[in-house]
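Here is how names work: the chains are called A, B, and so on, in the same order as the sequence lines, proteins then strands, and each is numbered from 1.
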Protein chains: 2
Amino acid sequence: MEPKAPRITDVARLAGVSTATVSRALSKPETVAESTRNTVIAAAEKAGYRVNLSARNLRRQRTGTIVVLVPNLGNPFFSEILAGIETALSKADFNMFVVDTKLVHVKPHLVSEYLHATRADGIIALDGSLPGEVLSAATSGNGAPPIIFACEWSPRGEFSSVRANNARGGELAISHLAGLGHRRIGMISGPKDNVLTLSRSAGVLARLDSLGLAFDPRHLFQGDFSLDAGARAALAWLELTDPPSALFCDSDQMAFGFISELARHGVPVPDEVSVVGFDDIAIASRYIPALTTLHQPRYRLGFSAAEMLLGHIRSTCSLAIETKILEVELIIRNSTSAPKS
Amino acid sequence: MEPKAPRITDVARLAGVSTATVSRALSKPETVAESTRNTVIAAAEKAGYRVNLSARNLRRQRTGTIVVLVPNLGNPFFSEILAGIETALSKADFNMFVVDTKLVHVKPHLVSEYLHATRADGIIALDGSLPGEVLSAATSGNGAPPIIFACEWSPRGEFSSVRANNARGGELAISHLAGLGHRRIGMISGPKDNVLTLSRSAGVLARLDSLGLAFDPRHLFQGDFSLDAGARAALAWLELTDPPSALFCDSDQMAFGFISELARHGVPVPDEVSVVGFDDIAIASRYIPALTTLHQPRYRLGFSAAEMLLGHIRSTCSLAIETKILEVELIIRNSTSAPKS
DNA sequence: CTGAAAGCGCTTACAG
DNA sequence: CTGAAAGCGCTTACAG
């Protein structure tokens with residue numbers, strides 16, 4: 001019985017025109033006479049017509065899909081970026097297909113599937129550490145879809161990207177802590193080779209240097225942005241005979257892990273040690289203590305990356321490599337204070 | 001110059017067979033002779049062939065897409081559910097298309113687009129409060145794709161769903177608090193008509209009743225699952241002359257909002273008031289105090305919903321309405337203790 | 001401004 | 001077990 005979905009021929013019959021005219025009236029309204037257009041639109045409405053995207057995409061030789069590679073869907077940091085991407089894409093009539101790259105690092109082959117032109121018209125990567133074999137597929141040029149990095153980027157710089165001003169974030173954190181009187185400032189970093197870690201560290205070190213402060217390598221705790229990494233850093237901090245009085249963390253999550261593990265050991269923040277996070281995720285303002293952190297414009301990061309990608313898709317020739325940098329903002333809350341004398 | 005992506009005809013030529021045979025060898029390997037199959041697979045490999053999904057889907061009269069309606073992409077509660085859905089769907093070769101329904105409540109028309117059979121082979125809704133007009137499109141039966149609710153469900157019960165045992169969650173929370181000696185137990189609820197709110201409240205009230213404890217309506221703080229709602233409840237709690245000594249919250253977020261706002265007013269948890277959350281999101285174990293809460297199997301919720309949906313898609317006849325209920329677990333941490341005498 | 005017709009790349013009854 | 005051929009529903013040069 002199933003009344004099948006109406007096709008363009010149904011609308012054409014109803015409107016008394018050809019399918020070509022229906023197609024034009026609906027997707028390029030300015031190319032048909034106004035009266036025709038109105039008739040067609042009314043007929044489409046009446047029939048409850050929706051264009052079949054598989055047919056349209058097949059004909060137009062595109063997929064209508066943008067693949068977004070997310071390092072970890074379970075991390076709240078990414079959700080607002082996705083929201084920004086989705087907004088930009090849905091305006092342009094593209095679907096967002098989200099793929100968690102935890103899979104990639106296990107099965108790179110699986111993901112290179114998605115990077116193929118038959119699957120996606122473009123790619124947004126939120127993960128700078130995609131294996132070279134995956135990326136090389138994307139650079140090979142033989143009809144590979146354009147790729148834009150957002151937040152993170154590929155270390156070799158062969159792709160366009162939208163980033164936060166990470167180095168500036170490191171500088172702002174150090175300025176703030178030094179301004180409060182801290183002299184021994186440590187750091188909980190992301191993975192050693194991560195581009196965010198590197199650029200923020202560069203800002204941290206530059207600012208420390210300009211202030212005449214030294215950085216003690218024993219005060220570097222290397223992590224991976226996770227809650228657990230922060231907790232591990234706390235344990236290491238507790239072992240130190242002369243621990244830093246302030247800490248800059250490469251993510252809010254690590255800051256939370258650090259603070260909570262110290263709390264378990266009866267060491268209060270900021271009384272014993274000041275902590276600055278990075279990201280300003282939603283819970284940061286409601287943590288105890290409320291977290292001083294660098295705010296990243298996550299929604300705009302996603303939105304801009306999507307817009308940049310759409311630009312690359314629309315242009316026939318391959319565009320130059322673009323880098324767009326968005327500013328960060330220091331949000332001072334209650335996890336930082338002057339060191340106890 | 002662009003070397004175009006290889007098509008099935010390229011593989012056929014390379015393998016010296018017809019396109020029909022290539023198609024069969026690749027998607028129904030058991031229907032061709034082994035030697036043919038091997039030749040074809042080798043040729044496909046050599047050519048770097050990937051099936052064109054638009055063409056396949058057009059021919060098969062399907063979309064290959066499942067639409068997931070998420071109330072708020074920015075809420076970390078949903079991310080793990082999405083991960084579960086994605087795992088189940090990618091196994092079955094479906095794409096997951098995520099749509100934030102914040103848009104829906106503004107423009108219901110926009111979303112009913114997605115619920116149409118030309119857009120999706122099936123729908124997973126994580127939002128029980130979809131407007132009736134949207135749902136009626138989905139029930140109208142004229143080729144509308146099947147829909148499964150996950151976590152939340154539609155109050156009128158006209159759709160299949162996968163849920164947590166919410167009532168049991170309410171009971172476990174009350175048993176725990178009463179066991180600690182609490183007699184005045186309040187609640188921070190979700191929206192009044194929300195199905196989660198209703199079923200958990202039913203569990204709470206049933207358990208209170210069986211324990212011979214009364215529920216004081218002044219101790220009900222109505223919220224909306226957000227951090228801010230929890231903070232507002234804290235302000236209301238502070239106004240009470242005889243406030244409850246323990247509180248059951250319909251989300252971890254509201255628990256955090258409540259605890260943090262109390263902290264700002266110098267009221268410590270659990271010393272002054274015990275708090276139980278719901279969800280067990282990642283930060284719960286690293287909050288200060290670590291949050292006692294009901295663990296929801298979020299990944300499994302998503303995975304099961306996807307599997308159920310795939311079942312409905314595969315069966316030609318329309319299946320009966322199914323309801324699958326997954327157990328919750330009370331995780332006791334540090335936000336609950338005996339009331340101060 | 002409009003229509004007839006080709007063709008996007010597949011899959012699948014049908015015939016052998 | 002395999003192939004020839006039709007057709008999924010569109011869009012778009014091309015011709016008028």
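- Annotation: C:dG16 and C:dT12 have their C1' atoms spaced 16 Å apart (nearest Å).
- Atom CZ in B:Arg59 sits about 12 Å away from atom C1' in D:dG9, given to the nearest Å.
- The residue among A:Glu30 and A:Thr19 whose nearest nucleotide of DNA chain C is located toward the 5' end is A:Glu30.
- By the neighbour-count criterion of 12 heavy atoms within 6.0 Å, atom CD of B:Glu45 is sparsely surrounded, having that number or fewer from other residues, nucleotides or ligands.
- Listed pair A:Gln61 / C:dG9 meets the phosphate criterion, a side-chain N or O lying under 4.0 Å from OP1 or OP2.
- Residue A:Ala33 is classed as a sugar-phosphate contact, given heavy-atom separations below 4.0 Å to backbone atoms only.
- For A:Ile8, the listed nucleotide lying nearest its side chain is D:dT11; candidates were D:dT11, D:dC8, C:dT2.
- Toward the 5′ end of DNA chain D lies the nearest nucleotide of B:Thr31, the other residue of the pair B:Thr31 and B:Ala55 mapping further downstream.
- Between A:Thr101 and A:Asp127, the side chains place a donor N or O and an acceptor N or O closer than 3.5 Å (distance only, hydrogens not considered).
- Heavy atoms of other residues, nucleotides or ligands lying less than 6.0 angstrom from CD of A:Glu34 number 12 at most.
- Judged by Watson-Crick or G-U wobble contacts below 3.5 Å, the nucleotide C:dC1 has D:dG16 as its partner.
- For A:Arg298 and A:Phe303, the positive end is not near the middle of the six-membered ring at less than 6.0 Å and at most 45° from its axis.
- Among the nucleotides C:dC10, D:dT2, D:dT12, the one closest to any side-chain atom of B:Arg7 is C:dC10.
- Note that A:Arg119 lies outside the cation-pi zone of A:Phe97, set by a 6.0 Å cut-off to the ring centre and a 45° limit from the axis.
- Residues A:Ser27 and A:Arg56 come closest through the heavy atom pair CB-NH2, 4.2 Å.
- For the pair A:Arg60 and B:Ser23, nearest-nucleotide mapping onto DNA chain C gives the more 5' position to A:Arg60.
- Among the protein residues, B:Thr36 comes within range of the sugar-phosphate backbone only, with heavy atoms under 4.0 Å from sugar or phosphate atoms but none that close to a base.
- Rounded to an integer number of Å, the gap from CG of B:Asn57 to C1' of C:dC10 is 10 Å.
- Rounded to an integer number of Å, the gap from B:Leu53 CG to D:dC8 C1' is 15 Å.
- Atom pair B:Asn52:CG and C:dT11:C1' shows a separation of 13 Å (rounding to whole Å applied).
- Relative to the side chain of A:Val51, the nucleotides D:dT2, C:dG3, D:dT11 differ in distance, and D:dT11 lies closest.
- When rounded to the nearest whole Å, the span between CZ of B:Arg13 and C1' of C:dC10 equals 16 Å.
- Rounded to an integer number of Å, the gap from CZ of B:Arg62 to C1' of D:dG9 is 17 Å.
- Which of C:dC10, D:dG9, D:dG3 sits closest to the side chain of B:Ser18 comes down to D:dG3.
- Summarising the geometry, the separation between CG on B:Leu58 and C1' on D:dA6 is reported as 13 Å, rounded to the nearest angstrom.
- Distances from the side chain of B:Arg24 to the nucleotides C:dG9, C:dT2, D:dT2 place D:dT2 closest.
- The NZ-C1' distance, from B:Lys28 to C:dC10, rounds to 12 Å in whole Å.
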